[in-house]
Amino acid sequence: MSIVTLLTDFGYRDWYVGSMKGVILGLAPHCTIVDITHEIPPGDVLRGALVLREACRFFPPLSVHVAIVDPGVGTSRKAIVARGGNMFFVGPDNGILSMAVELFEDKEVRAIEREELFLERVSDTFHGRDVFAPVAAFLAKGGEMMSLGRKLSEWVRIPFPEVTYTEAGLEGQVLHVDRFGNGVTNIPEKELRKIGEISSLRVSVEGLPHELRIRRTYAEVPLGSPLALVGSSGFLEIAVNGGDASKLLHLEPGKTRIRVLLE
Amino acid sequence: MSIVTLLTDFGYRDWYVGSMKGVILGLAPHCTIVDITHEIPPGDVLRGALVLREACRFFPPLSVHVAIVDPGVGTSRKAIVARGGNMFFVGPDNGILSMAVELFEDKEVRAIEREELFLERVSDTFHGRDVFAPVAAFLAKGGEMMSLGRKLSEWVRIPFPEVTYTEAGLEGQVLHVDRFGNGVTNIPEKELRKIGEISSLRVSVEGLPHELRIRRTYAEVPLGSPLALVGSSGFLEIAVNGGDASKLLHLEPGKTRIRVLLE
Amino acid sequence: MSIVTLLTDFGYRDWYVGSMKGVILGLAPHCTIVDITHEIPPGDVLRGALVLREACRFFPPLSVHVAIVDPGVGTSRKAIVARGGNMFFVGPDNGILSMAVELFEDKEVRAIEREELFLERVSDTFHGRDVFAPVAAFLAKGGEMMSLGRKLSEWVRIPFPEVTYTEAGLEGQVLHVDRFGNGVTNIPEKELRKIGEISSLRVSVEGLPHELRIRRTYAEVPLGSPLALVGSSGFLEIAVNGGDASKLLHLEPGKTRIRVLLE
């Protein structure tokens, strides 16, 4: 029983997700479909890429991850399939798959060119249903990725934004604000360890007058107080115990700078 | 393994959808439940009927579609089951199933009268759980539709709003605004083809001073510009590349008039 | 094929729910995962407990209910597993499971202590993925609850708020406002029956100048008018036909007092 995950910006109120699932289950009745999310803000490829990267690693081998945030649908942008480790990724060639696929040493990317797999009539605006759903079903049933199209050496990658080193320590940014208002940064735990003992570091959040110590868990500071911690994805996170850090500290993904300083 | 789809106005925050799924899986453990949406605005039967119509056609034979937007729950409105082609539809007799069922030439509608299938205690306000869920499970397990109740010749139909012909071309309306803000109209591609070559038509949107050409895909106009195109459901659609047409052009479902004109 | 239900405050927009499902399906590929809701307001343990209580009873034997609203994650709060009747409950020991488990006469609560079941690296902030998901998979595959840890006689219970009797009748409160704006109270049908014939009772809603009769269904009053009825969970409910009672009558969960009076 293989797994097909879906990550889109289609929302939950229209027929788009339902019709994709109908196509997949019609072709691969025994697969298990899992929604990662359909609430990527419309057209926000970067956000989709980040969420896919964090979600995919907890799925078992042979899972097929379909990710569709596709403002260029119907243009000449390619449709691609990728293998990373022993999982598959399907979506438009606009970078949405790239942060996930780049997690793996062993990877391969191919164009999706086998048009006889697609729905009979391919619309110009809904390749999720007409192209990507049938291709995902094909892979879920054990179809050969190799048969889908030629191998690509060039494809669109969104680089994961790396931290920069400064004299005082290192500098990163808020990457993602989650539903709790926590600001997940691009600063991995292992970079923190490179510059010093975690308990000895100080975190400076753009716009916040005082520095934060790195805690282990939310409840270590009083309710309503800000803190920094290493979050569940292994990145430094800015939070407020029992509150919404993005609102209280005005965190903005891709904008708010975070500096980590030696004491 | 049969499929049961759910479309309701129950939302995602309460126990309503969960308890329906519990009932269905208790009776038909091997079925696959698919959420079409639970975000139909409360009581909006027309919207439910439209979404069901667009979603259902992509499901495989023998799928059971349960649709519940039911402001008259507990009154004398009938509970019905319908067959359209080789799919089943279950819900209240208020028109919610009608746009989907009317897609099929070969159809049959019956009252749901076999009360011994229902939950032991039927509430007056939640037939989704107490009546429709067990009936859906019965059909998903291969139960005979015929055995559910007498055949109906009269049942509530919401007519699909047809386009009207004018001297200048044809006139329709915005039917549905989707999560991207695209305005899906009631003007099917085949009606467009009747009046002329699609590339030669002009689209006039109520309130928009200039006419639009019909494009193939969003990216054919500059970011932020409006366009018309034949959408993925086969209807004329009003959109804004990378933007929200419903906000920018003040599209209102059931209100905004759309005229298609020969050049 | 066993069922694992999920109820959290994780929302639908991040990778949290997806990664939990990946862990569960990796360990128990044949289970069916059902979302109760992921829209419990962040940290609202009481609301989570109420929704779980209402949803769980409609699931078949051996279902595993995972409920995670866990502001104290990473502190010394215990992780627990409970059996109520023939269903299992998994979550933090902060009361979220208690209203559901207390529905059952026959129950047992244990600490989750078998760390070798957990993910290899347990984060301090996401026990849903690292602790509760693998334990749920273990139970879904038929693992022995007894083997998870020692039996607890003390655990955190949120008492279900009982009604109080007054000379004039009884008094309760609005417990929950649902997506339709209906105010579900803590007054069960059987308490109503104790004080009199239901049709002879009058309901007084704090702030509403006139009393309401108890109706059987919404459509018994004119559109836009308030009413009281026994809702689908067996509790007195305050509603507005075709409208949002919480907005129109300013209902607040845990605050608005409701009195039921003999005529």
Around atom [atom1] of [X], are there more than 12 heavy atoms of other residues, nucleotides or ligands at under 6.0 Å?
| X | atom1 | value |
| --- | --- | --- |
| Glu113(A) | CD | yes |
| Lys247(A) | NZ | no |
| Arg114(A) | CZ | yes |

Identify the two heavy atoms, one from [X] and one from [Y], that lie closest to each other, and give their separation to 0.1 Å.
| X | Y | value |
| --- | --- | --- |
| Arg179(B) | Ile40(A) | NH1-O, 2.9 Å |
| Asp14(A) | Val177(B) | OD1-O, 4.2 Å |
| Trp15(A) | Ser233(B) | NE1-OG, 3.4 Å |

| When only pairs under 4.5 Å are counted, which of Val184(B), Ile36(B), Asp178(B), Leu52(B) shares the most heavy-atom pairs with chain A? |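 The option with the most such pairs is Asp178(B).
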| Counting heavy-atom pairs under 4.5 Å to chain A, which of Glu39(B), Glu237(B), Arg216(B) comes out on top? |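 Among the listed options, the one with the most contacts to chain A is Arg216(B).
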| field | NZ-CD1 distance between Lys21(A) and Ile3(B), expressed to the nearest 0.5 angstrom | value | 11.0 Å
| said: Between Asp9(A) and chain B, with a heavy-atom cut-off of 4.5 Å, which part of the residue counts as in contact: side chain, backbone, both or neither? | reply: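 For Asp9(A), heavy atoms of backbone and side chain both lie under 4.5 Å from chain B.
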| query | Taking the six-membered ring for Trp, are Phe180(B) and Phe10(A) parallel (under 30°), tilted (30 to 60°) or perpendicular (over 60°)? | reply |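 Rings of Phe180(B) and Phe10(A): perpendicular, as their planes differ by over 60°.
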Can you tell which part of [X] gets under 4.5 Å to a heavy atom of chain A, answering side chain, backbone, both or neither?
| X | answer |
| --- | --- |
| Arg53(B) | neither |
| Leu229(B) | side chain |
| Val51(B) | both |

| said: Using only non-hydrogen atoms and a strict under-4.5 angstrom cutoff, which residues of residues 117-147 of chain A touch chain B? | reply: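 From residues 117-147 of chain A, the residues near chain B are Leu119(A), Arg121(A), Ser123(A), Asp124(A), Thr125(A), Phe126(A), Arg129(A).
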| said: Heavy atom to heavy atom, less than 4.5 Å: which residues from residues 62-88 of chain A reach chain B? | reply: Val73(A), Gly74(A), Thr75(A)
